[in-house]
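In what follows, chains are A, B, ... by sequence order, proteins preceding strands, each numbered from 1.
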Number of protein chains: 2
Amino acid sequence: MGYKHNKEEILDTGYHVLRKNGYHGVGINEILKEAGIPKGSFYNFFKSKEDFAIQVMEHHAMDQGNWITRFFEEAKGTPINNLKSFYETLIALNESDAYSSGCLINVISNEVGRTHDSIAHCANDCFLGWINIISREIKKGQDAGEIRKDYSALEIAEYLHSGSYGAFSRMKVTRSRVYLDIWWDMSFTFIQEQ
Amino acid sequence: MGYKHNKEEILDTGYHVLRKNGYHGVGINEILKEAGIPKGSFYNFFKSKEDFAIQVMEHHAMDQGNWITRFFEEAKGTPINNLKSFYETLIALNESDAYSSGCLINVISNEVGRTHDSIAHCANDCFLGWINIISREIKKGQDAGEIRKDYSALEIAEYLHSGSYGAFSRMKVTRSRVYLDIWWDMSFTFIQEQ
DNA sequence: ATTAAATTAGACCAATTGGTTTAAATCAGA
DNA sequence: TCTGATTTAAACCAATTGGTCTAATTTAAT
């Protein structure tokens with residue numbers, strides 16, 4: 001049967017609350033209330049708030065990583081078209097909260113990346129995981145002659161990652177996807193084989 | 001003679017402290033201690049912490065805007081080379097704190113852009129100011145035949161802004177400029193006239 | 001020199017912070 | 001069914017949070 005509460009659901013609540021409020025923007029008590037668990041359970045599962053945040057990040061990174069992998073597995077188009085629709089989907093996902101939140105890892109790492117080494121390190125690991133998956137599809141695009149080869153697949157993946165994250169940050173202050181769309185259009189023009 | 005303390009020096013301290021710790025990562029008392037002013041003076045100058053943060057952001061945006069303007073005025077090269085050395089300088093500026101902080105406006109807006117509308121709005125205004133200055137140099141580059149013309153100067157400026165900010169976020173979690181360098185190299189390859 | 005406004009100083013406040021503690025309840029395995 | 005570990009529950013803690021308040025001091029203008 002198991003106990004009343006389990007880590008997964010606390011991590012899930014944590015994802016939503018931290019993404020919206022950031023790390024210092026929300027207290028443990030509010031997370032507890034939101035998740036409907038007592039404080040004793042929380043400190044039974046997590047040794048500190050920082051530990052909690054890291055586990056939330058890792059959990060989300062895994063979920064998201066699986067989602068990206070599946071996306072490319074199931075995608076029916078050519079590599080560059082799959083990449084285009086991947087980012088289009090990623091952008092569209094932000095409509096649900098009026099383009100106000102952005103990526104959990106980006107929010108947290110920008111906030112406390114300087115003061116919490118372990119969180120900065122964890123964030124980078126999360127990013128690298130996603131970037132590696134995406135770079136494989138880029139490699140396919142290069143092999144198919146769709147994507148330019150003067151930069152490596154990994155470099156292009158890093159480049160797309162940086163670009164999209166900057167545009168996501170801009171999305172957050174404008175509450176609109178227009179800069180993401182500019183980024184998307186220009187990026188895919190730039191990386192295609194001439 | 002004026003009173004003992006003035007707003008400028010409090011705003012200056014605020015810039016450094018907020019850039020390092022974020023908005024919720026530092027309390028007013030610590031800012032007060034750092035700036036060496038009593039609480040009464042603070043609430044005489046600023047009506048709230050949020051008001052303070054906004055004024056810090058605006059003050060920094062103006063300083064930085066003047067610096068960018070002067071940079072291009074004094075730059076001796078062709079437009080695209082001026083832009084290259086501008087971003088190179090911007091990146092190099094982050095060596096002093098081991099690439100751990102990044103841009104104040106980016107940090108604050110990512111942290112509380114969702115929960116503090118006025119801060120999000122202010123951040124966007126700050127960005128637009130800088131982007132406009134940069135886009136004028138891009139326009140010169142287009143007129144000189146150095147920069148591609150299939151996107152407007154403003155679009156390219158927005159694109160460079162997003163890209164660099166994403167790379168700055170990555171800088172923060174890796175404590176290194178490598179992704180900024182990748183971004184720099186690729187971006188200038190992409191935007192140059194073919 | 002007088003005055004009113006601005007500034008300085010810091011004690012004070014209720015609310016909240018992350019975290020600890022203790023005890024009861026619940027579980028899986030022998 | 002007994003046992004030891006895990007989980008639940010919430011009272012409790014010192015420290016800190018953003019902010020208020022009052023009084024003293026300093027300033028610039030009259």
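- The separation between Phe46(B) atom CZ and dT8(C) atom P is 11 Å, rounded to whole Å.
- A tilted orientation is assigned to the rings of Phe72(B) and Phe86(B), their planes being inclined by 30° to 60°.
- Listed by residue number, the members of residues 13-29 of chain B with any heavy atom below 4.0 angstrom from DNA chain D are Val26(B), Gly27(B), Ile28(B), Asn29(B).
- Contact of the Asp125(A) side chain with the Met57(A) side chain is not registered, since no non-hydrogen atoms from C-beta on lie closer than 4.5 Å.
- Near DNA chain C, meaning a heavy atom under 4.0 Å from it, residues 104-116 of chain A has no residue at all.
- Here the C1' atom of nucleotide dT21(C) and the CZ atom of Phe42(A) are 17 Å apart, to the nearest Å.
- One can place NZ of Lys33(B) at 17 Å from P of dA9(C), the figure rounded to the nearest angstrom.
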Working note: His116(A) + Tyr23(A), criterion ring pair (Phe, Tyr, Trp, His ring centres under 6.0 Å); need CA distance, chi angles, decisive distance, verdict. CA-CA 11 Å; His116(A) 295 60; Tyr23(A) 184 79; 5.3 Å; yes
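- Between the side chains of Asn21(A) and Arg114(B), no donor-acceptor pair of N or O atoms lies under 3.5 Å.
- Classification of the Tyr165(B)-Phe168(B) ring pair by plane angle, with boundaries at 30° and 60°, yields perpendicular.
- In this structure, Tyr43(B) places its OH atom 11 Å from P of dT17(D), rounding to the nearest Å.
- Residues Val178(B) and Ile134(A) are members of one and the same hydrophobic cluster, defined by side-chain heavy-atom contacts under 4.5 angstrom among Ile, Leu, Val, Met, Phe, Trp and Tyr.
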For nucleotides 6-13 of chain D, give me one character per nucleotide, 5' to 3': B if any protein heavy atom sits under 4.0 Å from the base, S if the only such contacts are to the sugar-phosphate, - if neither. BBBBB---
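- In this structure, Arg170(A) forms a cation-pi arrangement with Tyr179(A), its terminal cationic atom sitting closer than 6.0 Å to the ring centre and no more than 45° off the ring axis.
- Summarising the geometry, the separation between CD on Glu30(A) and C1' on dT17(D) is reported as 15 Å, rounded to the nearest angstrom.
- A single hydrophobic cluster is seen to contain both Ile182(B) and Leu83(A), as judged by linkage of ILVMFWY side chains at heavy-atom distances under 4.5 Å, directly or through other members.
- Residues Gln64(B) and Leu90(B) meet the side-chain proximity criterion, which asks for heavy atoms closer than 4.5 Å.
- Between the side chain of Asn44(B) and the backbone N or O of Gly40(B) there is no donor-acceptor pair closer than 3.5 Å.
- Clustering ILVMFWY residues whenever any of their side-chain heavy atoms sit less than 4.5 angstrom apart, transitively, puts Tyr15(B) in the very cluster that holds Trp67(B).
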